[in-house]
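Each chain gets a letter, A, B and so on, in the order its sequence line appears, and its residues count up from 1. Keep in mind it's a predicted model, so treat the numbers as computed, not measured.
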Amino acid sequence: MGIVTRFAPSPTGYLHIGGARTALFNWLYARANGGKFLLRIEDTDRERSTDEATRAIFESMRWLGLDWDGEANSQFARRDRHAEVAHILLNTNHAYKCYATKEEIDAFRASPEGKYSSFQSPWRDAGPATTPDAPFVIRLKAPREGILSIDDAVQGKVTWKNAEFDDMILLRSDGTPTYTLAVIVDDHDMGVNTIIRGDEHLINAGRQSLIYNALGWDIPTFAHIPLIYGDDGKKLSKRHGATGAQEFREMGYLAEAMRNYLARLGWSHGDDELFTTEQAIEWFDLKGVNKAPSRFDFKKLDNVSKYHIENVSDDVLIAGLQDYIGSQDREPLTDGELVKLKAVLPIVRERSKKLPDLLDKSRFVLGARPFAPDENEAKHLISVSNGILKRLTPLLANVTTWTKEELETLFRDFAETEGVGLGKIAQPMKVVLSGTTKSPSTFDMMVAIGKDETLARINDAAAKM
RNA sequence: GGUCCCUUCGUCUAUCGGUUAGGACAUCUGGUUUUCAACCAGGAAAGAGGGGUUCAACUCCCCUAGGGACUACCA
């Protein structure tokens, strides 16, 4: 049977970056094995689930390129089936009706005994004759003796004493299923055989195995991956910069870069650091997943991001750029702008850590004359006297082969004649051409826009002096 | 408190009993440079502690310490 994995977030908020990584691992594993990757929304908690959160999760998944097979499932929609299974358990004596009230249970927990032992329902072995006509929950009749172990694909063999598990609630008093029941029923019905999820679910693998056993169902392969922390080792929070997948999109990271960085966080393939998604799919396996939690490092993310901005195809870059612009609530680049941008992509994609950096560098083609200098950049124009510009302009006008090499030679020679460093001329020229010094090389820009446009921009600047 | 999990440079990690413990990011030094920056060369930097097992341990076992998760009619 093929591999079937799933990502099962609860729609109580945006997609956390840790959840995004969990989704990525499941996706990678399914794709690596030619299997299926399912998405299921765990919305059985009606109080906290919202449609808005569901939409946010879909959007982040799409942005990250984590496509799921088939329709996304709503767990809540399958509540009848969950109840049905609870009743099967009831009929086979693997579960029982518990009439203990919340107050009784709370009182037990508050008692001295409740401090060290879990609640044991008095209804576990009550005969049908004694059952009152009152609200009840259905609890699993968990074994009280023996041990249980699972063979986790990441954590290895993990063992518990059965006595550690309490008789967990399967069906609430209002008839709705709990998470514990719902997941295993859904996973079973949907054929999920590999469950990659956060470390915090490790104990649930034990609890759920009990139910799988009671039902006589095959226990899936579990892989519990460690959590992601902030750079200080604490739970990743806003304080560390960002936690929502969407925020990374808004900061201008390419989805390709996020996949690379996230995959590398807790998983490794030898010394490979920078790779494409195709390579990740080819290499991914559970053996490479680390057992220890890792910390999120924005500096390294930037480095990975820079690599992908430089190496991704033009189409992917442009699409990423448009997506980024959209995330800023700005109008997408027009076809005309795109034509100009594509022509200079090779020189603007270099040395850009994030998408906004690339956009800054593209101002000399995306912006329009006259290019007013940024406040902080105006000083470069002051430093170059009108005289220098006047002397340089005719030289430029006489250039017949408008190439980077020619121009660079001309600038160097001119700088020498003027008795100044190249920077004193090239630097102001950048401001003349783009209004800022955050631009590609002066000569690259001049070649890109051509001789006439270059001269025109010099005129604009000269007119103001 | 109880149960379970984790522990290699600052960070992400390689190592699957025998290595000068490797790489990447960050950092430091020198060089280069028309900017944000990039690039080149070089440096510093790690097996939590203690016991075992073994000819040999980062690697296997135990204990301690530290960190984390769970301990809901949440997921």
Side-chain angles (χ1 to χ4, degrees), chain A residues 8-12 42-45 47-49 75 98 100-102 105-106 109 115-119 135-139 152 154-156 158-161 163-166 168-180 182-183 197-207 224 226-227 229 231 233-235 261 264-274 287-288 290-304 306 350-353 357 360-361 377 380 408 411-412 415 421-431 434 436-444:
Chain A
S10 55
T12 53
E42 312 249 299
D43 50 359
T44 49
D45 183 347
E47 301 282 304
R48 303 196 301 154
S49 300
Q75 187 156 65
C98 170
T101 64
K102 223 168 182 166
I105 297 171
D106 287 346
R109 292 213 173 99
K115 291 278 189 285
Y116 57 86
S117 98
S118 55
F119 178 72
F136 61 87
V137 298
I138 295 182
R139 285 183 185 272
D152 192 278
V154 171
Q155 305 293 338
V158 184
T159 305
W160 299 270
K161 292 186 185 69
E164 303 293 338
F165 300 108
D166 55 2
M168 54 218 144
I169 292 175
L170 269 16
L171 225 51
R172 301 187 185 101
S173 50
D174 64 359
T176 60
T178 58
Y179 162 80
T180 319
V183 242
R197 74 217 315 188
D199 224 349
E200 75 270 22
H201 284 292
L202 188 53
I203 182 115
N204 286 332
R207 293 195 182 113
H224 290 92
L227 273 24
Y229 298 115
D231 54 11
K234 303 277 188 241
K235 202 164 181 170
Y261 179 72
R264 197 61 189 64
L265 210 53
W267 170 77
S268 61
H269 180 263
D271 283 337
D272 294 308
E273 300 281 351
L274 273 3
K287 285 194 194 71
N290 213 62
K291 298 170 92 165
S294 43
R295 303 179 183 205
F296 200 97
D297 183 353
F298 282 87
K299 293 243 179 63
K300 187 147 186 175
L301 205 213
D302 280 352
N303 187 264
V304 173
K306 176 177 172 298
E350 281 181 12
R351 290 174 292 191
S352 291
K353 283 182 177 167
D357 300 338
D360 279 348
K361 285 197 181 60
E377 314 280 23
H380 291 288
E408 188 162 353
F411 268 66
R412 286 191 190 282
L422 177 61
K424 281 279 184 283
I425 302 169
Q427 202 65 342
M429 190 56 75
K430 287 184 158 202
V431 181
S434 67
T436 173
T437 53
K438 292 178 185 173
S439 71
S441 146
T442 308
F443 314 115
D444 279 334

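- The backbone N or O of T44(A) lies less than 3.5 Å from no partner atom in the side chain of Q75(A), so there is not a single donor-acceptor pair.
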Please write out the pairs of protein N or O atoms and N or O atoms of nucleotides 70-73 of chain B separated by less than 3.5 Å, giving the distance to one decimal.
unit_1  : atom_1 : unit_2  : atom_2 : d
rC73(B) : O2     : S173(A) : N      : 3.0
rC73(B) : O2     : S173(A) : OG     : 3.1
rC73(B) : N3     : S173(A) : OG     : 2.9

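- You'll find that the side chain of K438(A) is closest to rC36(B), out of rC36(B), rA38(B), rU34(B).
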Legend entry - Protein-to-nucleotide contact annotation, 5' to 3' order, nucleotides 41-47 of chain B [B base; S sugar-phosphate only; - none; under 4.0 Å, heavy atom]: -------

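- In this structure, T159(A) reaches the sugar-phosphate backbone alone: every heavy-atom distance under 4.0 Å involves primed, P, OP1 or OP2 atoms, never a base.
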Legend entry - nucleotides 10-17 of chain B: protein proximity per nucleotide (B base, S sugar-phosphate only, - neither; heavy atom, under 4.0 Å): -SBSS---

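- Counting only heavy atoms from C-beta on, N303(A) has its side chain closest to rC25(B) among rC39(B), rC25(B), rU3(B).
- Side-chain to base pairing of T437(A) with rU35(B): no donor and acceptor N or O lie closer than 3.5 Å to each other.
- Under the rule for a ring pair (Phe, Tyr, Trp, His ring centres under 6.0 Å), the partners of F296(A) that lie at least two apart in sequence or sit in another chain are F248(A), Y261(A), F298(A).
- Across the protein-nucleic acid pair, D444(A) atom CG and rA38(B) atom P stand 17 Å apart, rounded to whole Å.
- Partners of D444(A) according to the salt bridge (Lys or Arg N to Asp or Glu O under 4.0 Å) rule, which considers only residues two or more places apart in sequence or in another chain, are K404(A).
- When heavy atoms are screened at a 4.0 angstrom cut-off, K161(A) is found touching no nucleic acid atom at all.
- Among the protein residues, L422(A) comes within range of the nucleic acid bases, having at least one heavy atom under 4.0 Å from a base atom.
- Residue contacts shown for K287(A) are absent, as no nucleic acid heavy atom lies under 4.0 Å away.
- In this structure, K430(A) reaches the bases: a heavy-atom distance under 4.0 Å links it to at least one base atom across the strands shown.
- Comparing atom distances between the Q427(A) side chain and each of rU35(B), rA75(B), rG68(B) picks out rU35(B) as nearest.
- Take D297(A) and apply the side chain to side chain donor-acceptor pair (under 3.5 Å) test, not counting sequence neighbours, and it matches no residue.
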